[in-house]
Amino acid sequence: MKPSLMDYTQKELMTLIKPSFRVKQIYGWLYHQYASSFDDMKNIPKALKEELAEKFVVNPLTIVNKEVSTDGTIKYLLQMQDGKTMEAVWLKMKEKQLDDNGDVIQEAKYTICVSTQVGCKVGCSFCLTAKGGFTRDLTAGEIVSQVVTLKKDNEHKHNRKINIVYMGMGEPLDNLDNVAQAIKIFKEEEGLCIGGKRQTVSTSGLSNKIDRLGEMDLGVHIAISLHAVDDELRSELIPMNKAHNINSIIEAVKRFPIDTRKKVMFEYLVIKGKNDDIGSAKKLVKLLSGVKAKVNLIYFNPYPGTPYERPSKADMVAFDEYLIKHGLLCTIRDSKGMDISAACGQLKEKIKEEK
Ligand code: SAH
Ligand code: SF4
């Protein structure tokens, strides 16, 4: 596998490619024009392109499948240079708004959900990604390219705002070096210019790595996949909880640098008969007192072979109302793209089945 130009910050590329004004041009081709090959780079001398083509690829990903939902969600199956595949999701968060004359007041808003690994080592019992085991970490360029590839496919201009959530396949903090490099490349002013505030890293709770991410001071948000209020159930759902228990995660969150006005998101996957009772809601309120937290309730999304079930709407609403009544900010995540293949990890598995 050749390295990709998308593995590097502009400064790093300047140490690899001379002269530096060519790097600035190349950066424009990568992140403003979304070039997919050296041929696209019109103002770069042929000799330099030939030299670069021996060492680097431009974009390490190709789209192999796409599923479009009626709500505007698009799931992409993307292939890497070694033939392995992973997925990224294009999510429409807000519809375009028009005034009475039909003029645009507000453009539609989008979020891209990126993968960080092929498979995952954490092995959560409710997660389809975990079923396939772990294959490998994604490189920084493979993470960066998911955003470039999806923006390009949706003709989304480089200067249009986009949010990134690291909630696709894999555990981002288990591939922290490459994830941190991707965060930096996204932030590059002459690149995509996506600030830390627009990037949210979701983790199953490797507490020591939460500290390391905090020390890097990249300005990103974190989301904690909590899912349970006691260690016994959490260890059943997320085996790694034995090494990083709930308390160690809460303590790490308290140390994490966040914008004074912002809150840390706690994701709580609601599973019927497991953690959907008011007793759990009560414990959750207690657990999060003293933490600047907001809670995102997620309906468990069933798939063939899972022992777990989706909770009822009534239980979900009662849980939500209890948290709000007791002073927690809380939202229920609307499951986007339900008609295509639901939660992250499910598109890839579906294609495997059909083959
Ligand atoms: N590994 C990271 C990020 C990827 S998972 C993490 O666990 O946080 C992203 C989110 O999808 C997590 O909150 C995870 O709990 C959730 N998820 C996994 N399987 C799911 C399912 N079957 N239904 C609903 N959400 C699921
Ligand atoms: Fe990995 Fe996240 Fe799935 Fe757990 S929920 S197996 S950490 S991807």
Side-chain angles (χ1 to χ4, degrees), residues 73 75 86-89 91 111-138 143 146 164-176 178-179 182 199-207 209-210 213 220-228 233-244 246 249 252-253 264-272 274-276 294-311 316 331-338 340-350:
T73 304
K75 286 198 158 235
M86 47 87 180
E87 62 184 46
V89 188
L91 298 148
T111 292
I112 296 176
C113 173
V114 298
S115 291
T116 55
Q117 296 176 318
V118 184
C120 186
K121 285 180 208 160
V122 179
C124 300
S125 58
F126 54 82
C127 176
L128 198 56
T129 296
K131 300 281 170 283
F134 174 76
T135 306
R136 72 164 169 90
D137 285 333
L138 296 191
I143 299 170
Q146 294 174 56
I164 300 172
V165 292
Y166 296 80
M167 293 187 186
M169 301 175 74
E171 167 51 53
L173 298 191
D174 190 34
N175 183 18
L176 184 51
N178 292 341
V179 168
Q199 303 189 47
T200 302
V201 175
S202 175
T203 177
S204 55
L206 295 137
S207 42
K209 297 286 184 71
I210 295 173
L213 179 67
V220 290
H221 292 301
I222 46 165
I224 306 292
S225 291
L226 189 67
H227 308 335
L233 176 61
R234 197 166 190 276
S235 299
E236 177 195 320
L237 300 175
I238 310 174
M240 182 203 67
N241 187 67
K242 292 188 187 87
H244 302 271
I246 295 176
I249 296 169
V253 167
V264 171
M265 156 121 70
F266 285 84
E267 297 167 277
Y268 189 90
L269 180 73
V270 187
I271 305 173
K272 188 177 178 175
K274 281 276 176 193
N275 60 0
D276 58 349
K294 59 179 177 191
V295 176
N296 193 214
L297 299 177
I298 311 168
Y299 279 97
F300 171 68
N301 219 331
Y303 48 89
T306 178
Y308 302 122
E309 288 172 61
R310 190 181 160 90
M316 195 73 162
T331 48
I332 298 177
R333 183 180 297 176
D334 57 337
S335 315
K336 295 191 183 293
M338 284 291 285
I340 45 179
S341 20
C344 291
Q346 300 196 0
L347 176 69
K348 186 173 167 165
E349 295 301 318
K350 199 171 148 198

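In each ligand, atom 1 is the first atom listed, and ligand 1 is the first ligand listed. Keep in mind that the numbers below use all heavy atoms, side chains included, and drop hydrogens, waters and symmetry copies.
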Inset, instruction - Any atoms of ligand 2 less than 4.0 Å from a non-hydrogen atom of Val122? List them with their elements. - result: 7 (S)
Legend entry - Ser202, portion touching ligand 1 at heavy-atom distance under 4.0 Å: both
Legend entry - Under 3.5 Å: N/O of Ser225 near N/O of ligand 1: yes
Inset, instruction - Output the distance between atom OH (Tyr308) and atom CG (Leu237), rounded to the nearest 0.5 Å. - result: 5.0 Å
Inset, instruction - Only heavy atoms count here, so choose which of Asn301, Leu269, Thr306 is nearest to atom 22 (N) of ligand 1. - result: Asn301
Inset, instruction - Check each atom of ligand 2 against the heavy atoms of Gly123 and keep those under 4.0 Å away; list them by number with element. - result: 6 (S)
Inset, instruction - Using a 4.0 Å heavy-atom cut-off, say whether Cys127 meets ligand 2 through its side chain, its backbone, both or neither. - result: side chain
Legend entry - Contact check: Cys120 to atom 3 (Fe) of ligand 2, N/O/S below 2.8 Å: no
Legend entry - For Ser204, atoms of ligand 2 separated by under 4.0 Å from a heavy atom: 7 (S)
Legend entry - Test item, Ala223 contacting ligand 1 (heavy atom, 4.0 angstrom): no
Inset, instruction - Go through the steps to decide whether Arg234 and Leu226 satisfy the test side chain to side chain contact (heavy atoms under 4.5 Å, CB included), and finish with yes or no. - result: CA-CA 8 Å; Arg234 197 166 190 276; Leu226 189 67; 4.1 Å; yes
Legend entry - Side chain, backbone, both or neither: Tyr299 near ligand 1, heavy atoms under 4.0 Å: backbone
Legend entry - N/O donor-acceptor pair under 3.5 Å between Thr203 side chain and Gly205 backbone: yes
Legend entry - Carboxylate-amine/guanidinium contact Lys121 Glu171, below 4.0 Å: no
Legend entry - Thr203 contact mode with ligand 1 (heavy-atom cut-off under 4.0 Å): backbone
Inset, instruction - Could you tell me if any non-hydrogen atom of Gly205 lies under 4.0 Å from any atom of ligand 1? - result: no
Inset, instruction - Spell out, as yes or no, whether a donor-acceptor pair under 3.5 Å connects the side chain of Asn175 to the backbone of Thr116. - result: yes
Legend entry - Donor-acceptor under 3.5 Å (Ser225 side chain, Ser204 main chain): no
Legend entry - Donor-acceptor contact present, side-chain Ser125 to main-chain Glu236, <3.5 Å: yes
Legend entry - Winner among Glu267, Met169, His227 once heavy atoms are compared against atom 14 (C) of ligand 1: His227
Inset, instruction - Using atom types as modelled and distance alone, determine if a side-chain donor or acceptor of Ser115 lies under 3.5 Å from a backbone N or O of Glu87. - result: yes
Inset, instruction - For Phe126, take its heavy atoms, then give the atoms of ligand 1 lying under 4.0 Å from any of them. - result: 15 (O), 18 (C), 19 (N), 22 (N)
